[in-house]
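Report on the following structure.
None of these values were measured; they are calculated from a predicted model. The residues of the chain are indexed from 1 along the displayed sequence.
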Amino acid sequence: MPAPDAPASAYGDDVRAGPSGQPNADDLAGIAERQRQQGHPATALRLTQRVLEYAPHNPQAIQTQISSLANLGAHRRAEQLRERYKPDWPQATQDRFEADVVTVAIRNGTQEQTRLERRHYYAMSDVELTRSLESLNANLVRFPSASEASLRTRFDRLVVLRQLNRFEAVIDDYEALQRDAASVPTYAKSPVADAYLARRQPETAARLYREVIDASPQAPLSVRTGYYYALVESEDYAAATDVLQQMDADTPTWRSRPNSKASPVPNWERSEVDRLQVLDATYRHHEADALNQARGLYRQAPRNTDVINDLSTAQRSRGWYQQAQATAELAAAYAPSDQATRLNIAENAQDLENFPRWQHTIEPLAAQFPTDSAIRRNRLEWQDRQHFSVEGQGRLGRSHGGNAVNGSQDGEYQLRLNSPWSEGGYRAYVEHSYRWGDYEEGAERHDREGVGVERQWLRRHWWAGLSGEHFSDDLGLELGWSQWLDDHWQYQLRTQTQSPETPLRAERDDLDGRLYQAQVTWRQNESRQATLTLGALDISDGNLRSDAAADLTQRIQASAHHQTRLIGSLSAEHNSQVDSDYYNPEDTHAVGLALEHDWLTWRRYHHSLTQNLSLAAASEWETGYGSAPGYDVTYGHTWQLTRTWSINYGVGWGQHDYEGEREERWLGQFGFEGVL
């Protein structure tokens, strides 16, 4: 636009010359109105002020001045001028003015909502926006349905409904506008994108966010972060990386100031981007990077509750639940009413198996924030404990070339039904197991039913069960105890009479075994873990089978959809009596290495398919026969069918030497678990 005091000639042929060389008042007022309608109310206001300096009663300039002030949010001043001049404008203009007044009220209500939520006054934060929604609904009734004011009101309603988290209503209104072939403006598209993202339609959300960004390269950070989340939830991590890198490049740490000598002003958006990078690393299973970044942010802002909560989340992702709890408690000390902090406390209580605290935290949260998806998910996980659950696993094998261990065909399955958990962390269970094998001397079968009770609390777990054939023959007792001492060490003790680990051919001879087992686990983090297991099976024929096993698991690769682990293992077994009808070498040793890979092939929120591949090789040694290589290959699928139901199945092949004979074995397996 020309300078404020430019002559009429500066406007070209659109403006005629007026008195004293000034632009023609009507022509310049018309340009001002067009500028306002094109979304430039500040320019329109400047032009009308020039017109009114030498034509103070120009009706078009007065009307445009009032409308521009309303567009800019100065509706009180606009109302004063309207009362003063009483412009003779059409009803459509009056409707548009009233629509502008509500628009300003929406802007103020949004700012008030943000202010109150920062102070954790959640109960009062939506009051102003709710009033604005009532005004919008009233205007929709009064305005003609096809008018500009009605359309503007429908656009503004999208904004208010989104701020009130009424996502279904946002989508319904937007789709109604689409049916009416209305062109939704940029400012109303991002709330619609938020709604589609909240309702798990990330591809649609990403398209709308992209349209907003293309129309306005300087789109607010909330639009760009929404676009990032939409890409992540669409499983398009490559595109999400590009978006995050662009945000990082475009968001400086300090805001520039016109006066170079003035103190720099921190850019609060930089903190948002830095925190998003922490979450991004967690999403990609780069937990160590996420923790390092979170610690760096904490050193820079040790009292920022958002930063503290991110640090707690990063610690929890590494399996350090006690550290995460201590960090979350620090955030709670600074802001006990903060929504994110309270959710963090609930999630930590869940992982620490502090079930009373979990319940007492998540239930009030869910009542206060019923539309928050993370809170809703955590509460559903709490409610799962009040339901029965079921799990089962089965295996079928076929062997060639040997008959010492598994027979020519073998199989087993286990089924277990669990009762709901009580408030004290107790539940009962019933189970059924079945084993069979076809040997040269005939088929062997073993069927057991069992009942038991267990308690789980504060990362302690004990269980006691009775099982036997038809609850009468060979009734046996199982007792167990497990406890995490801290974030890194766990031990477990277990004993069984009538142990199911007794060989089938020993049970054929009415032998039974008593099992004693101890296990120690060291877990450094999500990527490294070691386990030592010592056991003894005291069989009633006088044979004591003692064994020791150790393994070390190291994750060697991880990304959003792939994880690879390397597992080294050592094992040794000794039998005190060798002369028996079942496979019973005096000593066996094995040194093995396994490579496991999980590929998250497809995911849609609670639904996913993961492919699992395992390759293993070992050097195995048996008394009297020397050493021989052993190989195992398994491949399978794990389907997450719903949030609470999953199935897994797979096939495998292996070769091992038993008593000097090479045995080749094929197997298939199937399992499931779910909440009833």
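The environment of Glu391 atom CD is dense: over 12 non-hydrogen atoms of other residues, nucleotides or ligands sit within 6.0 angstrom. The number of heavy-atom neighbours closer than 6.0 Å to OH of Tyr121, taken from other residues, nucleotides and ligands shown, is 12 or below. Annotation: Glu83, atom CD; neighbour count of heavy atoms from other residues, nucleotides and ligands within 6.0 Å is above 12. Other residues, nucleotides and ligands contribute at most 12 non-hydrogen atoms within 6.0 Å of the CZ atom of Arg118. Surrounding CZ of Arg107 are more than 12 heavy atoms belonging to other residues, nucleotides or ligands, all under 6.0 Å away.
Contact check for Val278 versus Leu311: no side-chain heavy atoms found under the 4.5 Å cut-off. The shortest distance between side-chain heavy atoms of Thr48 and Arg36 does not fall below 4.5 Å. Between Asn378 and Leu343 the shortest side-chain heavy-atom distance falls below 4.5 Å. You'll find the side chain of Leu81 stays beyond 4.5 Å of the side chain of Ile62, heavy atoms only. Proximity of Asn418 to Val390: side-chain heavy atoms (C-beta onward) are nowhere separated by under 4.5 Å. Contact of the Leu417 side chain with the Leu676 side chain is registered, since non-hydrogen atoms from C-beta on lie closer than 4.5 Å. In this structure, Asp248 and Leu244 have side chains that are not in contact, with every pair of non-hydrogen atoms separated by 4.5 Å or more. Contact annotation: the side chain of Thr103 never approaches that of Tyr187 to less than 4.5 Å [non-hydrogen atoms, C-beta and beyond].
For the pair Arg270 (side chain) and Thr251 (backbone), a donor-acceptor distance under 3.5 Å is present. A distance-only check finds a donor-acceptor pair linking the side chain of Ser125 to the backbone of Tyr122 [under 3.5 Å]. A distance-only check finds a donor-acceptor pair linking the side chain of Ser132 to the backbone of Glu128 [under 3.5 Å]. Looking only at distances, a side-chain donor or acceptor of Ser317 sits under 3.5 Å from a matching main-chain atom of Ala314. The backbone N or O of Gln65 sits nowhere less than 3.5 Å from a side-chain atom of Ser68 that would complete a donor-acceptor pair. Not one N or O on the side chain of Asp180 forms a donor-acceptor pair closer than 3.5 Å with the backbone of Ala182. Under a 3.5 Å cut-off, the side chain of Ser389 and the backbone N or O of Val675 do not form any donor-acceptor pair. Using a distance-only test at 3.5 Å, with no hydrogens or angles considered, no donor-acceptor pair links the side chain of Arg376 to the main chain of Ala366. In this structure, His637 contributes its side chain and Gln611 its backbone to no donor-acceptor pair below 3.5 Å. With hydrogens and angles ignored, the 3.5 Å screen pairs a side-chain donor or acceptor of Thr110 with a backbone N or O of Ile106.
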### Message
Determine whether Leu380 and Trp382 satisfy the following criterion, side chain to side chain contact (heavy atoms under 4.5 Å, CB included), listing intermediate values before the conclusion.
### Response
CA-CA 5 Å; Leu380 287 173; Trp382 164 254; over 6 Å; no

### Task
Please test Leu609 against Thr638 for side chain to side chain contact (heavy atoms under 4.5 Å, CB included), starting from the C-alpha separation and ending with a verdict.
CA-CA 6 Å; Leu609 165 64; Thr638 300; over 6 Å; no

### Message
Asp173 vs Arg154, test: side chain to side chain contact (heavy atoms under 4.5 Å, CB included). Steps then yes/no.
### Response
CA-CA 8 Å; Asp173 282 13; Arg154 294 173 70 184; over 6 Å; no

### Message
Let's go through Gln246 and Asp242 carefully: what are the C-alpha distance in whole Å and the side-chain angles of both, what is the deciding distance for side chain to side chain donor-acceptor pair (under 3.5 Å) to 0.1 Å, and is it a yes or a no?
### Response
CA-CA 6 Å; Gln246 191 63 48; Asp242 295 338; over 6 Å; no

### Task
Could you give me the CA-CA distance, side-chain angles and deciding distance for Gln368 and Arg342, then say whether side chain to side chain donor-acceptor pair (under 3.5 Å) is met?
CA-CA 12 Å; Gln368 189 173 0; Arg342 292 161 64 193; 3.0 Å; yes

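Between Asp598 and Thr610, the side chains place no donor N or O within less than 3.5 Å of an acceptor N or O (distance only, hydrogens not considered). Neither side chain, Tyr85 nor Gln63, offers a donor N or O lying under 3.5 Å from an acceptor on the other. Between the side chains of Arg385 and Gln359, no donor-acceptor pair is found at a separation under 3.5 Å. For the residue pair Tyr174 / Gln178, a side-chain donor-acceptor distance below 3.5 Å is found, with atom types taken as modelled.
For Arg284, the side-chain hydrogen bond (donor to acceptor under 3.5 Å, both in side chains) test picks out Thr241, Asp280, with sequence neighbours left out. In this structure, the ring-ring contact (aromatic ring centres under 6.0 Å, His included) partners of His561, at least two apart in sequence or on a different chain, are Tyr237. When the side-chain hydrogen bond (donor to acceptor under 3.5 Å, both in side chains) test is applied to Gln300, no partner is found at least two apart in sequence or on another chain. Asp384 meets the side-chain hydrogen bond (donor to acceptor under 3.5 Å, both in side chains) test with Arg643; sequence neighbours excluded.
Below 30°, between 30° and 60°, or above 60°: for Trp645 and Phe672 the angle between ring planes is below 30°, a parallel geometry. In this structure, Trp421 and Phe355 have parallel ring planes: the angle between them is below the 30° cut-off, well short of the 60° mark.
Shortest non-hydrogen contact noted between Asn348 and Ser312 is ND2-OG, 3.3 Å. Smallest separation of non-hydrogen atoms from Gln201 and Ile171: NE2-CD1, 4.4 Å. In plain terms, the two heavy atoms of Leu221 and Met247 that are nearest each other are CD1-SD, 3.8 Å. In terms of heavy-atom proximity, Ala99 sits nearest to Asp156 at O-OD2, 4.3 Å. Minimum heavy-atom separation, Leu161 to Ala169: CD1-CB, 3.9 Å. Pairing each heavy atom of Ala29 with each of Thr64, the nearest pair is O-OG1, 4.3 Å.
To the nearest 0.5 Å, the span separating OG1 on Thr327 from CD1 on Ile308 amounts to 8.5 Å. Taken from CG in Leu72 to CZ in Arg77, the straight-line distance is 13.5 Å, to the nearest 0.5 Å.
With respect to Glu203 and Arg604, a salt bridge is recorded, a charged nitrogen being found less than 4.0 Å from a carboxylate O. Using a cutoff of 4.0 Å between basic side-chain nitrogens and carboxylate oxygens, Glu272 and Arg275 are scored as salt-bridged. Glu329 has a carboxylate O that lies under 4.0 Å from a charged side-chain N of Arg357, or vice versa, which qualifies the two as a salt bridge.
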Exercise answer: donor-acceptor pairs, residues 204-220 side-chain atoms, under 3.5 Å, sequence neighbours excluded:
unit_1	atom_1	unit_2	atom_2	d
Arg207	NH1	Glu211	OE2	3.2
Tyr209	OH	Asp194	N	3.4
Tyr209	OH	Asp194	OD1	2.3
Arg210	NE	Asp214	OD1	3.0
Arg210	NH2	Asp214	OD1	2.9
Glu211	OE1	Lys189	NZ	2.8

For residues 285-292, run the donor-acceptor check on the side chains, cut-off 3.5 Å, and write out each pair with its distance to 0.1 Å, sequence neighbours left out.
unit_1	atom_1	unit_2	atom_2	d
His286	NE2	Ala558	O	3.1
Glu287	OE1	Arg555	NH2	2.7
Asn292	ND2	Ala288	O	3.3

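Tyr228 pairs with exactly one of Leu279, Val223, Leu276 by the side-chain contact (heavy atoms from CB on, under 4.5 Å) rule, that one being Leu276.
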